[in-house]
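First up is the structure itself, then whatever we jot down about it.
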Amino acid sequence: MPADLLLEIGCEEIPAKMLARQLLDLPALVEKRLADARLGHSGVRALGTPRRLAVIVRSLVDRQPDLDEEVVGPPVSAAFAPDGSVTKAGQGFAAKNGVDPASLAKREVAGKKGLYAVALRSVVGQDTRGLLPALLADVAKAIAWPKSQRWGWSETTFVRPVQWLVALFGGEVVPLVWAGLTAGRQSRGHRFLAPGAVEIANAERYVDALREAKVIVDPEVRRDVVKAELSRLERETGLRVRADEALVGEVIHLGEYPVGVAGQFDPAFLEVPEEVIVTAMRTHQRYFALEDASGKLANRFATMMATVVKDPVVVQKGNEKVLAARLSDAKFFFAEDRKKSFADWNKKLDAVVFQAKLGDAAKMIGHKVRRIEQVAAQLAVGIGADGSLVRAAAQACKADLASGAVGEFPELQGVMGRHYAKHAGMPAEVAVAIDEHWWPKGQGAALPITGTGALIALVDRMDTIVGCFAVGLEPTGSADPFGLRRAAIGIWQILLSRPDWAALWTPLFEASRAALAEQGVELKNTTALEEFFRSRLRGIFADAGIPAQDADAALAQEFRDPVDARARATAIARIPKEAREVFKRVANILDDARGKQLAIGDTVDPARFVAEGNVEHRLHAAVREAQAREVDARKRRDYPAVFESLVQLQPTVAAFFGGSGDKGGVMVMDPDPALRDNRLALLQGLVRPYMEIADFRKLGGAA
Amino acid sequence: MYLQDLIFTLQKYWADRGCVVEQPVDVEVGAGTFHPATFLRVLGPEPWNAAFAQFCRRPSDGRYGENPNRAGAYYQFQVGLKPSPLHVQDLYLDSLRAIGLDPAAHDIRFVEDDWESPTLGAWGLGWEVWCDGMEVTQYTYFQQAGGIDLMPVTCELTYGVERLAMYLQNVDSMYDLKWDKNVTYGQLRKPWELEYSTYQFEELQPAISFASFDTYESECKRLLARTKGGEPAPLVLPAYEFCMKASHAFNCLDARGAISVTERQRFIGRVRGMAKACAETYVASRARLEFPLLPPHLRAQAVAAYRGAGEAGVNASALAAARAVAPHAEEITHAG
C-alpha cells in the first residue's frame, strides 16, 4: 500500500536565506531521486525551520514496478564470433546486464547501421523499504549549500552540524545512516519551550506533533503568524507597520515560534534621515519600522522574538538599548558628515580603487568621476540638458562613498549624498540626481525620474562596462562579479523609458570609450561588447513577451536604438506565416547565391524578363508599387504598416515561384548567367527594404 | 555580577568541562584568535580545549573614551574546543545560565555570521549569538587556519565581556561597569583609551611602525628558515610572535591612515604570508614531536600517516594524520 514518507534533518541554526532557498530546491531533488528509482508518489513538499529541514512525500508506492527493457550492446560483429559463439566482449556485456549470454538477441537499432547485440532484461521491482535508506542518504548528501562545513572529527559536510535524523515510511523507521547518525522517530521540540525528544508516529502526524512542542514547521504558517503578530502590534501601538515583504520573508526563518514585541527609541533620533533609521533597524536588527497614518516614521519598531519569554518587557528593553547604540552611531556620523564638504570626500576618492586592472591612470574612483563628468557633459549638449547641472551632479555623484554614514550603512549610497547635497545648498536637481544615478537598483525597481539622474546613471554604467571589457573582465558563464549584466540591463531600461534618447547608445558608447582611452584604457575589439548588449536587450524583449525568433530577427539587423528595435520586433507578429516563409525563402536563395560567389547587382533589366506568364514583370511592378506606398510609413517608422504592405506582395511573390502545386514559375538559378543575375537583382530589390527591419532568415517555417 | 566575577565564572565553568585555563598572550593582538593557544593549537590532529580572557587592541575603534560601546581596546573571553563536541550549543547555553542569563527570560538567537580573517588565512562558519537583539558572542566552527584545512574542527566561542557585563549590570555605557565592588571600568580604562586614541590617531610615527613591520617580517622569515648543521631547525613559536607583532604594526598604521587602499591589501597579504608559513612549520614541528597531546596509543599511527603523505605537502599530511586517528575519536578527549 502506498504510504507517506518523512525525512527530517535536525541541524544547528540554518541561515535564513539558505533555508528559504532550500525549501524551494529540495522537492525537486527528492522528486528526481524518486523518479530515478522508479518510485511513484502524489507529491513532495519541503518544510523547515532554522533547526530542521524536512520533506514529506505523499502516497509513495511500496514497490518499484517490474521492468522489461532492452539494453543495446556492441555490434553483432564484436559480440559474436564468425561461428556464432559469443565473444569475450559479448559475454562481458551479458554479465554486466545480468543476463545469460545465450539469451543475447540481434537487433537493428534506430539511427545506426548493422545489427547490434541486445540484452533483454527483466527487472523485478524491489521493495521501497529496502531502497529508501540508500536513497535518503543520497538525498542528504546531494543537498547543495552555498557554504558548508565539517565539525568534530566528521568528514560529512553540511550547512551546520547535523544533530538528529527522523525517517519514517508509513509509520515505520527507515534505517537511514548518515552524518554519523542513524535515523529514528525522535525529533526535538523548541530549544527553550519544549526541550527534549518528540515522538513522531508518522508523516501525517509530523506537523501537529511539532506544533504541540512549540515548533511551527510549516513556513507558510509561520508567515501567517508573523503577520498576525505584526497586526497585533499595530493595534497595540495605534501605528502601521511599514510594508516590507522581503523582511517578513527573512524573519519567518529566524525562529521556530515567532512572537512579536514592540519597542521605541528617543524621538530626538528622528532628526536623522528616515532612511538611516530604517536601514539601521532593518539590516542590522531585522526590526520593522512603524509609521503613523500619514506615513511619517514613528519612534517605534516591531520585532519578532523566537520564543515566549517570562516578561516581554525585558526583551523589549534589551532591544531598545541595542537600537539606541546603533542610532547614536548613525546620528554621530550624520553630524560629522555635515561638517565635511563634497570636495573633501572627492579628494579621498582619488585614493580609493574602483578597478585595479584599469591601470594607474584610470583605476581610482576619482578617475571614474572625472570620466563621468567629461562624458556626461559631452552628451548633455545633444539632448538639450543643462550642462552646468549635469557637471555638478557628475562631480558629486560618488562623493558620499567617502562619508561616515555610507561607511557604516553602504546600502545608503546615493541617499546620503542627496541629503548632504541639499544641506550643502546644491540645486534640487543635482541632489536628486546623486541618488537616482544608482537607479534602477534591481529588477523592476524604479528608473531615474530626473534627466540629470538618468544621464549620469547611463554614463556611470557604460563606463564600468567598457572599462571591464577593455581589460578582460567581461562576465563568463554565470559569473558576473562586477554586475555588468545588471548594468547593461539598466542602460537599456533607461533608454527604453526615454524615447527621445533612443539614439543615445552610440554616442554614449563612443564617448565612454574615448574617455577611457584618454586614461590609457583601450577597448580594442567592440564585437564582444556589442554582442553582450544585444543579448541583454534580447532578454528584456523576452521578458516583455516578444517571441524569441521575432526578437532575434529584429536585433540581428540593428540593436543600438532599443525603441526602434522593440518596434521592429513587435511588428513582426503582423506578418502571417505564409508571408514569412516566402520571404525567408527569398533570403535563403540570395544567401546561396552569395555562397556561390555570385555578385548580386542592384539594377534590374526588364528587357531580360522572359519567364512565362509575365511573373517577373508583375513582381517588378509590385515591388515598385510597394516601395511607393511605404514611403510615408517608413518615414514614420510605422513598421506594422510596412509589414502590412509586405503582406500584399506575398501572392505576387508566390506566383513568381510558381504558386501552389509548382506549376510554371521561375527558376532563379537559370543556366543563362544574364537571366540568373537579373532575377537575383530583382529578388534582392524585393527583400532588402524589409531585411533592414528584420532578418527573415531568423524566423521559423519552411526554408 | 561584577565584570571580574563574569570572567571567574566563565573560567570555572569551562575548566569544569575540561578546558585548560590559559592566560592572555603577552603580545599585542586584535583578537583572541591570534593567541597561539587558538591559532596554532587548532592545527593538526591533537585535541586541545582552552579558555582565557584576552586583552584585544583595535586601534581604529578608539574613540577617546567617549563612545559608550566602542573602544580601542577591550576584553574577549575566548574558548576553543577541539574537537568541537556535538553538544557545543548546549554547553554554551549552560554557560549563559552560569553567568545569570536565563534563556527562559531572554530572546536568545543564533544569527548567521560567517567569520573570515584575511590576515590569518582563516575562515569558519557560525553565528553571532543575540541576546534580546544584542550580539553577545561570536560562535565559529573553524574550517581553515593559515591556509590549512582543519581536522578535527575547533569550535571557537568569543564572549564580548563588556557587552555581557553591561547587560547583567544594566548600564548603558561600558565605562559605568563595575569591575569589582570598588572600581569602575571607566576608572580603570578611560585614561588608557584617551591616551591611546591620541597616540594612535595623532602621535604615532608611521615611519617607526613601517620600519618595525619590516623588521618583524624579516625576523619571522629568518626564524622559520633557521638551520642547524645543515638541517632545518626553525623556531616557529618566536617566529609566530613576530607575525602577531607585525599584524599589530599594520593595525596601527591603518588606524593612523598611513596606508592607502591598494597598499592595505598588500600588507594584509604580507601578514597572511607569515601566518601561513608559521602554520605549516608549526604542524611539521608537532609531527616531529610525535603529536604529544594525542593519547599515547594513537600517536604512532598519526605520525606514520603524516609521514606517509610526506610528498603531498603539510595540508595533506595533517589531514592524513587526523584521518588515521579519527576512527578512534571516542578514545580522544573532548570538552563537556
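By convention in this document, chain letters (A, B, ...) are assigned in the order of the sequence lines, proteins followed by strands, and residues within each chain are numbered from 1.
Using a 4.5 Å cut-off between heavy atoms, B:Arg70 touches chain A through its side chain atoms alone. Looking at A:Arg326, there are no atoms closer than 4.5 Å to chain B (heavy atoms on both sides), in backbone or side chain. With a 4.5 angstrom heavy-atom cutoff, B:Phe142 does not touch chain A via any of its atoms. For chain B, the nearby part of A:Val322 is the side chain; its heavy atoms alone come within less than 4.5 Å. For B:Asn67, the part lying near chain A is the side chain, with the backbone staying farther off; criterion is any non-hydrogen pair under 4.5 Å. For B:Val111, the part lying under 4.5 angstrom from a heavy atom of chain A is the side chain only. Residue A:Val308 touches chain B through its backbone alone, counting heavy-atom pairs closer than 4.5 Å.
Put simply, the side chain of A:Gln285 gets close to the backbone of B:Gly133: a donor and an acceptor are under 3.5 Å apart. B:Ser84 contributes no side-chain N or O that, together with a main-chain N or O of A:Trp151, makes up a donor-acceptor pair within less than 3.5 Å. Side-chain atoms of A:Arg150 come within 3.5 Å of backbone atoms of B:Leu150 as a donor-acceptor pair (strictly under, hydrogens ignored). With B:Asp107 contributing its side chain and A:Ala306 its backbone, the two residues share a donor-acceptor pair below 3.5 Å.
Contact of the A:Glu13 side chain with the B:Tyr139 side chain is not registered, since no non-hydrogen atoms from C-beta on lie closer than 4.5 Å. Counting heavy atoms from C-beta outward, A:Asn319 and B:Met134 have side chains that stay 4.5 Å or more apart. Two residues are said to be in side-chain contact when any heavy atoms from C-beta on lie closer than 4.5 Å; A:Arg160 and B:Leu125 meet this criterion. Between B:Met151 and A:Glu155 the shortest side-chain heavy-atom distance falls below 4.5 Å.
Of residues 327-336 of chain B, those residues with a non-hydrogen atom less than 4.5 Å from any non-hydrogen atom of chain A are, in numerical order, B:Ala329, B:Ile332.
For the residue pair B:Tyr141/A:Glu12, the side-chain donor-acceptor check at 3.5 Å is satisfied. For the residue pair A:Gln163/B:Gln89, the side-chain donor-acceptor check at 3.5 Å is not satisfied. Between the side chains of B:Asn69 and A:Lys321, not a single donor N or O lies within less than 3.5 Å of an accepting N or O.
The heavy-atom pair separating B:Pro45 from A:Trp153 by the smallest distance is O-CH2, 3.3 Å. Shortest non-hydrogen contact noted between B:Leu86 and A:Val162 is CD1-O, 3.8 Å.
Heavy atoms from other residues, nucleotides or ligands lying under 6.0 Å from CZ of A:Arg232 number more than 12.
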